[in-house]
Amino acid sequence: MPSIARHSSGNGRIVENICSILRQLGWSPAAEAALGNLDCSMDAYQANQVLKQLQDHTVAHGFFYWLKRKPGFKHDGHTYTTMVGILGQAKQFTAINKLLDQMVRDGCQPNVVTYNRLIHSYGRANYLNEAVDVFDQMQKDGCEPDRVTYCTLIDIHAKAGYLDFAMDMYERMQGAGLAPDTFTYSVMINCLGKAGHLASADKLFYEMVEHGCTPNLVTYNIMIALQAKARNYESALKLYRDLQSAGFEPDKVTYSIVMEALGHLGYLDEAEAVFSEMKQRNWVPDEPVYGLLVDLWGKSGNVEKAWGWYQAMLQTGLRPNVPTCNSLLSAFLRVHRLGDAYSLLESMLGLGLIPSSQTYTLLLSCCTEARSPYDMGFCCDLMATTGHPAHLFLLSMPSAGADGQNVRDHVGKFLDMMRSEDRESKRGLVDAVVDFLHKSGLKEEAGLVWEVAAQKNVYPDAVREKSSCYWLINLHVMSDGTAVTALSRTLAWFRREMMMSGVGPSRIDIVTGWGRRSRVTGASMVRQAVQELLHMFSFPFFTVNGNTGCFVGCGEPLNKWLLQSYVERMHLL
DNA sequence: GTAGGGTTAG
């Protein structure tokens, strides 16, 4: 047996021993004692092997500094860089900066990998300025950015909505003599597609092959997901076949995306077939993929099937997560099976699952649409059972005073509390609240909630100046009660602006998303409610290009109409 | 003699 093999297996055992100690004991005096008893010498290579396996940053941090104090041990660039990555994932930026100082004092210069991990960490935490500062700093320190540097900067900026900056970085990368590789193309295709530039994403997908870069499985997955999200399900399925013709085996991600696409096309049985195929190819279905089937069947109105998949999931020993419970809950509520909804909510709480704002949103919408006082009371009980802060917020909503400031303050405090929720959930919840207040006759309060939410950027796309004095009011993601409230308050805002500045809008397009090209079904309630409101107040509108979902007001008639004092009170009707 | 970084879903 050559000595190298014995030596390396010895290395492996030390690494394995340390990892199992740290897994069992975490970072603790007991772990420190156990490590001391090992009485082995270790080099930076082995230390790095251990660090890479530690996911808990407190354990990694403890181990790293224990090594640093150990006589005869010296960290190197690799261990420092790995540690930067671990702390970065945990967003421990104070600890990272301390570590970087020590790294330099220890005689280890950060290299391009260190900087890249730093940029990635800042990007993931949404600190884009800091990420760009690192990019500038590394160049001052004489470190050339590589493909990974540019790719990371492109990705984080595009994800944060700064597509222009991302494209700029793509140009700069090529200017620096770095040709895009398959990885870069995949990132760019994803960025462009997610930003709504599907044609450009498509173009790049075909272009990459011409430049000698073969799409890999991830590239295909990205393409399939983009087509599915744009509701081009047939294109998505074609890419799925192309992927297999190209010799790739679908992975878990592929299966999940394809199942969702099939489900949204209404091919539920086919989605189930893909699920079976996934299992046949030895992928172990996880909770979210069961959740997807629960959701698809629930949305199609087949509660029994949804419930069946939920049970099947429990039988494999998986613990449900909150979104899956929400899917089943939504299915029960849709067919007014409030008793089953109640049992499900109880079992959620029993499992220690904390109802999310989506859970509360579902229940509140159900309450708004309740067909009888009994059902409404039942919904209220369910809402109280969730223990969600939105319930206390609604219960303690004051009646609007003369200037409405008391309601504004109440809403402001609530939204501040909800600030860490993602925008979609916040929008959904606010929408349900406004709809509920509006339909319960608390119209002044509904208007105030909408105004504060709009100020706090919960509806960033609702009101937009398309060009000078040409405005778009986009109501298509709202419920009808919210749409009517939002429109009334926005028109009142235009009136006040016009009276103050003397300049009125030259054109307003009111978009309800039920137009010629809209694929949104079931949104006609918004169009109908908006049309009725506009008719009632004689708003001078017309439609263009046969788009019946877009109401346009223009020029002199619009400005004259805005002068009417009733524009201020439209929302009360 | 050896190692470290970037992309996709829910």
Side-chain angles (χ1 to χ4, degrees), chain A residues 2-5 7-8 11-12 15 43-53 75-86 88-89 108 110-121 123-124 131 134 138 143 145-156 158-159 166 169 173 178 180-194 201 208 213 215-229 236 239 243 248 250-261 263 285-296 321-324 326-327 358:
Chain A
S3 65
I4 289 171
H7 180 59
S8 66
N11 267 347
V15 170
D43 58 19
Y45 176 80
Q46 294 164 316
N48 195 41
Q49 299 288 95
V50 174
L51 282 171
K52 280 194 300 180
Q53 292 184 54
H75 281 297
D76 67 3
H78 287 113
T79 53
Y80 271 109
T81 299
T82 304
M83 198 60 220
V84 166
I86 296 170
Q89 271 201 321
C108 303
N111 66 7
V112 67
V113 180
T114 323
Y115 287 118
N116 288 346
R117 296 206 78 168
L118 207 51
I119 290 171
H120 187 230
S121 305
R124 285 279 299 272
V134 174
M138 70 189 278
C143 182
D146 65 5
R147 241 188 228 102
V148 178
T149 319
Y150 285 105
C151 246
T152 308
L153 285 164
I154 290 169
D155 188 53
I156 62 181
K159 283 206 175 94
M169 278 287 147
M173 184 185 89
L178 298 165
D181 60 358
T182 294
F183 210 112
T184 317
Y185 276 116
S186 303
V187 170
M188 285 300 300
I189 289 169
N190 187 45
C191 291
L192 286 166
K194 291 277 162 66
M208 67 186 284
C213 294
N216 62 20
L217 182 59
V218 174
T219 322
Y220 275 105
N221 286 346
I222 289 169
M223 284 296 294
I224 296 172
L226 289 178
Q227 294 296 343
K229 207 172 174 210
L239 281 159
L243 168 161
F248 290 105
D251 69 358
K252 223 170 155 165
V253 179
T254 322
Y255 284 123
S256 181
I257 298 166
V258 169
M259 283 171 61
E260 189 173 354
D286 58 6
E287 202 284 345
V289 88
Y290 278 103
L292 175 59
L293 285 166
V294 173
D295 194 64
L296 291 174
N321 66 18
V322 176
T324 302
N326 288 342
S327 297
Q358 285 92 333

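Convention: sequence-line order gives letters A, B, ...; per-chain numbering from 1. Note that these values count all heavy atoms, side chains included, but never hydrogens, waters or copies made by symmetry.
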**Asked** Whole-Å distance between B:dG4 P and A:Ile119 CD1?
**Response** 20 Å
**Request:** Return the value, rounded to whole Å, for the distance between atom CG of A:Asp286 and atom C1' of B:dG10.
**Result:** 8 Å
**Asked** Taking the side chain of A:Asn48 as its heavy atoms from C-beta onward, which of B:dA9, B:dT7, B:dG4 lies nearest to it?
**Response** B:dG4
**Message:** Could you tell me how far apart A:Asn326 (CG) and B:dG10 (C1') are, to the nearest whole angstrom?
**Reply:** 13 Å
**Message:** Using the side-chain heavy atoms of A:Cys151, tell me which of these nucleotides is nearest: B:dG6, B:dA9, B:dT7.
**Reply:** B:dG6
**Partner set under ring-ring contact (aromatic ring centres under 6.0 Å, His included) for A:Tyr290, not counting sequence neighbours** = A:Phe275
**Prompt:** Looking at the side chain of A:Ala225, which of B:dT7, B:dA9, B:dA3 is the nearest nucleotide?
**Reply:** B:dA9
**Asked** Between atom OH in A:Tyr220 and atom C1' in B:dA9, what is the gap in whole Å?
**Response** 19 Å
**Sugar-phosphate only, base, or nothing, as touched by A:Val187 at under 4.0 Å among non-hydrogen atoms** = sugar-phosphate
**Item:** Interatomic distance, A:His78 NE2 vs B:dG1 C1' [rounded to whole Å]
**Value:** 13 Å
**Message:** Using a 4.0 Å heavy-atom cut-off, does A:Asp295 contact any base of the nucleic acid, only the sugar-phosphate backbone, or nothing at all?
**Reply:** nothing
**Prompt:** Stacking here means centres under 5.5 Å and planes under 30°; does A:Tyr45 stack on B:dA3?
**Reply:** no
**Prompt:** Looking across every strand, which nucleic acid part, if any, lies under 4.0 Å from A:His120 by heavy atom: base, sugar-phosphate, or nothing?
**Reply:** sugar-phosphate
**Request:** Could you check whether A:Thr152 gets within reach of a base, just the sugar-phosphate, or nothing at all, counting any heavy atom under 4.0 Å?
**Result:** sugar-phosphate
**Asked** Which part of the nucleic acid does A:Leu292 contact within heavy-atom distance under 4.0 Å: base, sugar-phosphate only, or nothing?
**Response** nothing
**Message:** Using a 4.0 Å heavy-atom cut-off, does A:Asn190 contact any base of the nucleic acid, only the sugar-phosphate backbone, or nothing at all?
**Reply:** sugar-phosphate
**Request:** Using a heavy-atom cut-off of under 4.0 Å over every strand shown, decide if A:Asn111 touches base, sugar-phosphate, or nothing.
**Result:** base
**Prompt:** Quick one: which of B:dT7, B:dG6, B:dT8 gets closest to the side chain of A:Asn221?
**Reply:** B:dT8
**Complete:** Among the nucleotides B:dG4, B:dG6, B:dG10, whichever has the atom closest to the side chain of A:Phe183 is B:dG6
**Asked** In whole Å, what is the span from the CD atom of A:Glu287 to the P atom of B:dG10?
**Response** 14 Å
**Prompt:** If you count the non-hydrogen atoms of other residues, nucleotides and ligands that lie under 6.0 Å from CZ in A:Arg124, is the total more than 12?
**Reply:** no
**Request:** Return the value, rounded to whole Å, for the distance between atom CG of A:Asp76 and atom C1' of B:dG4.
**Result:** 10 Å
**Prompt:** Taking all non-hydrogen atoms of both residues, which atom of A:Cys108 and which atom of A:Gly77 are closest, and how far apart?
**Reply:** SG-N, 3.9 Å
**Request:** Ignoring backbone atoms, establish whether A:Lys159 has a side-chain N or O less than 4.0 Å from OP1 or OP2 of B:dT8.
**Result:** yes
**Request:** Give A:Lys229 one of three labels, base, sugar-phosphate or nothing, depending on what nucleic acid heavy atoms sit under 4.0 Å from its own.
**Result:** nothing
**Request:** Using a heavy-atom cut-off of under 4.0 Å over every strand shown, decide if A:Gly85 touches base, sugar-phosphate, or nothing.
**Result:** nothing
**Request:** Please name the residue in the list A:Thr79, A:Val84, A:Ile86 that meets the side chain to side chain contact (heavy atoms under 4.5 Å, CB included) test with A:Thr82.
**Result:** A:Ile86
**Complete:** Residues at least two apart in sequence or cross-chain that pass ring-ring contact (aromatic ring centres under 6.0 Å, His included) with A:His75, listed by chain then number, are A:Phe64, A:Phe73, A:Tyr80
**Request:** Remember a base hit wins even if backbone is also touched, and classify A:Thr79 as base, sugar-phosphate or nothing at under 4.0 Å, heavy atoms.
**Result:** nothing
**Message:** So if I apply the side chain to side chain contact (heavy atoms under 4.5 Å, CB included) rule between A:Thr81 and each of A:Thr114, A:Asn48, A:Asp76, A:Leu118, which one comes out positive?
**Reply:** A:Thr114
**Request:** Would you mind reading off the distance between A:Ile189 atom CD1 and B:dT7 atom P, rounded to a whole angstrom?
**Result:** 15 Å
